[in-house]
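Below is one structure, written out as structure tokens; comments come after it.
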Amino acid sequence: MAEALERHTMVKTSAAAWTAVMARHPEFAEHVIVEGWARAGRPLIVRRPGCSDPAGKIPLGLPLPPSHGKRRIAIALDAGEIIERKPPPLLADAAASAPSTWQDTIDRLVRLCPETRTFGSLAWQHLTGLPYLSDHSDLDLLWPAQASTLPLEIAGIAHLAPMRLDGEIICTAGGVQWRELTGADSDDVLVKGLSGVHSMTRAAFLAGGTP
């Protein structure tokens with residue numbers, strides 16, 4: 001049984017394990033950047049498992065930068081092939097890699113919740129040094145579930161932001177897209193967990209994820 005890792009966890013694999021990946025997937029060789037990914041110390045990200053993923057392995061993703069077609073590469077590794085695991089970077093740490101036009105919004109988000117993390121283009125640019133951000137990039141974020149007012153406070157920041165704020169509020173049950181938690185159309189929200197998606201009442205999710 002594979003060790004359970006939370007979605008969005010950033011992991012690194014050994015050079016030997018990556019050589020084995022390249023041998024199993026010769027089609028990856030069309031992207032030179034992929035062959036040297038592990039040797040450069042670049043991470044992969046934990047994703048939800050798909051139907052074609054081998055049982056007992058950890059599903060991982062590698063989104064290539066726009067200069068390499070923005071292709072999303074999916075692989076699966078044994079737990080023993082992973083040599084490092086970390087949560088996605090704090091937004092405050094990744095801020096130095098963001099455009100100057102984003103800085104005011106980032107400052108407001110960090111003041112609202114210092115534990116905010118980022119996992120999309122900003123995170124990949126910060127972690128790899130490669131150019132992931134464009135004029136049309138979203139800011140992808142993860143917030144820990146806390147006060148029930150958090151979704152509306154995020155909405156207030158998003159209204160003035162020069163970029164789209166995307167992402168999830170996270171509790172033990174999984175993650176919910178933050179905009180779902182601001183609406184009043186339904187009492188239920190969709191919760192993305194490690195093994196799939198399920199529904200839960202908004203109140204239960206904001207209370208910590210207990211059904």
Side-chain angles (χ1 to χ4, degrees), residues 5-12 37 40-48 60-67 70 72 82 84-183 189-194 202 205-206 208-209:
L5 293 178
E6 295 293 330
R7 290 169 54 238
H8 307 302
T9 299
M10 312 299 294
V11 307
K12 292 182 180 180
W37 196 261
R42 295 169 180 149
L44 307 165
I45 191 166
V46 176
R47 57 179 172 80
R48 288 203 309 273
L60 301 168
L62 191 175
L64 296 180
S67 58
K70 294 187 70 172
R72 294 180 178 272
I82 291 173
E84 181 182 297
R85 70 221 50 203
K86 291 181 178 180
L90 288 166
L91 178 59
D93 292 339
S97 299
S100 59
T101 54
W102 287 20
Q103 295 302 325
D104 182 63
T105 298
I106 289 174
D107 288 346
R108 295 182 68 193
L109 289 164
V110 171
R111 286 197 299 271
L112 173 63
C113 179
E115 297 82 15
T116 303
R117 295 184 180 274
T118 182
F119 65 93
S121 296
L122 175 59
W124 287 99
Q125 184 152 311
H126 170 68
L127 293 170
T128 68
L130 298 171
Y132 277 84
L133 289 166
S134 73
D135 293 341
H136 307 293
S137 293
D138 297 340
L139 179 53
D140 299 294
L141 301 169
L142 299 171
W143 296 269
Q146 39 183 248
S148 60
T149 57
L150 180 62
L152 290 178
E153 291 176 299
I154 296 169
I157 296 174
H159 179 69
L160 299 174
M163 80 299 269
R164 175 180 169 84
L165 299 187
D166 205 355
E168 301 172 7
I169 295 175
I170 305 292
C171 74
T172 54
V176 172
Q177 216 284 339
W178 72 266
R179 284 182 176 82
E180 280 197 60
L181 295 164
T182 65
V189 293
L190 291 178
V191 184
K192 296 179 182 178
L194 186 62
R202 181 184 290 103
F205 180 83
L206 291 172

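Remember, predicted model here, so these are calculated numbers, not experimental data.
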side-chain contact (heavy atoms from CB on, under 4.5 Å) between Ile45 and Leu60: does it pass, once the steps are laid out? CA-CA 5 Å; Ile45 191 166; Leu60 301 168; over 6 Å; no

Side chain to side chain contact (heavy atoms under 4.5 Å, CB included) with Arg47: which residues, sequence neighbours excluded? Asp53, Pro59, Ala74

Where is the tightest heavy-atom contact between Leu190 and Glu180, given as atom of each residue plus distance? N-OE1, 3.2 Å

Tell me the closest heavy-atom pair linking Leu133 and Ser97, and the distance in Å. CD1-O, 3.5 Å

At their closest point, which heavy atom of Tyr132 faces which heavy atom of Leu64, and how far apart are they? CE2-C, 3.7 Å

For residues 126-139, the salt bridge (charged side-chain N to carboxylate O under 4.0 Å, His left out) pairs (sequence neighbours left out) are none

Between Ile82 and Leu44, does a side-chain contact (heavy atoms from CB on, under 4.5 Å) hold up when you go through it step by step? CA-CA 10 Å; Ile82 291 173; Leu44 307 165; over 6 Å; no

Salt bridge (charged side-chain N to carboxylate O under 4.0 Å, His left out) involving Lys70 - partner list, sequence neighbours excluded: none

Do Ile169 and Val176 touch side chain to side chain, with heavy atoms closer than 4.5 Å? no

Just to verify, what does Ser134 make a side chain to side chain contact (heavy atoms under 4.5 Å, CB included) with, not counting sequence neighbours? His136, Ser137

Gap separating the CG atom of Leu62 from the CH2 atom of Trp37, nearest 0.5 angstrom: 4.5 Å

Less than 3.5 Å apart, which donor and acceptor atoms pair up between the side chains of residues 115-124 and the rest of the protein, not counting sequence neighbours?
| from | atom 1 | to | atom 2 | distance (Å) |
| --- | --- | --- | --- | --- |
| Thr116 | OG1 | Cys113 | O | 2.7 |
| Arg117 | NH1 | Pro88 | O | 2.7 |
| Thr118 | OG1 | Asp140 | O | 2.8 |
| Trp124 | NE1 | Phe119 | O | 3.4 |

If you measure from CG on Asp104 to CG on Leu109, what distance do you get to the nearest 0.5 Å? 9.5 Å

Spacing of Leu141 atom CG and Ile170 atom CD1 [to the nearest 0.5 Å]: 11.0 Å

For His126, what residues pass the ring-ring contact (aromatic ring centres under 6.0 Å, His included) criterion, not counting sequence neighbours? none

I want to check something: taking the side chain as every heavy atom from C-beta on, are Leu127 and Arg42 in contact at a cut-off of under 4.5 Å? no

Counting only pairs under 3.5 Å, give me each side-chain donor-acceptor contact of residues 145-168, with atom names and distances, residues two or more places apart or in other chains.
| from | atom 1 | to | atom 2 | distance (Å) |
| --- | --- | --- | --- | --- |
| Thr149 | OG1 | Glu153 | OE1 | 3.3 |
| Asp166 | OD1 | Gln177 | NE2 | 2.7 |
| Glu168 | OE1 | Arg7 | NH1 | 3.2 |
| Glu168 | OE2 | Arg7 | NH2 | 2.9 |

Side-chain touch Val46/Glu6, heavy atoms, less than 4.5 angstrom: no

Can you check whether Ala98's main-chain N or O pairs, donor with acceptor, with Gln125's side chain at less than 3.5 Å? no

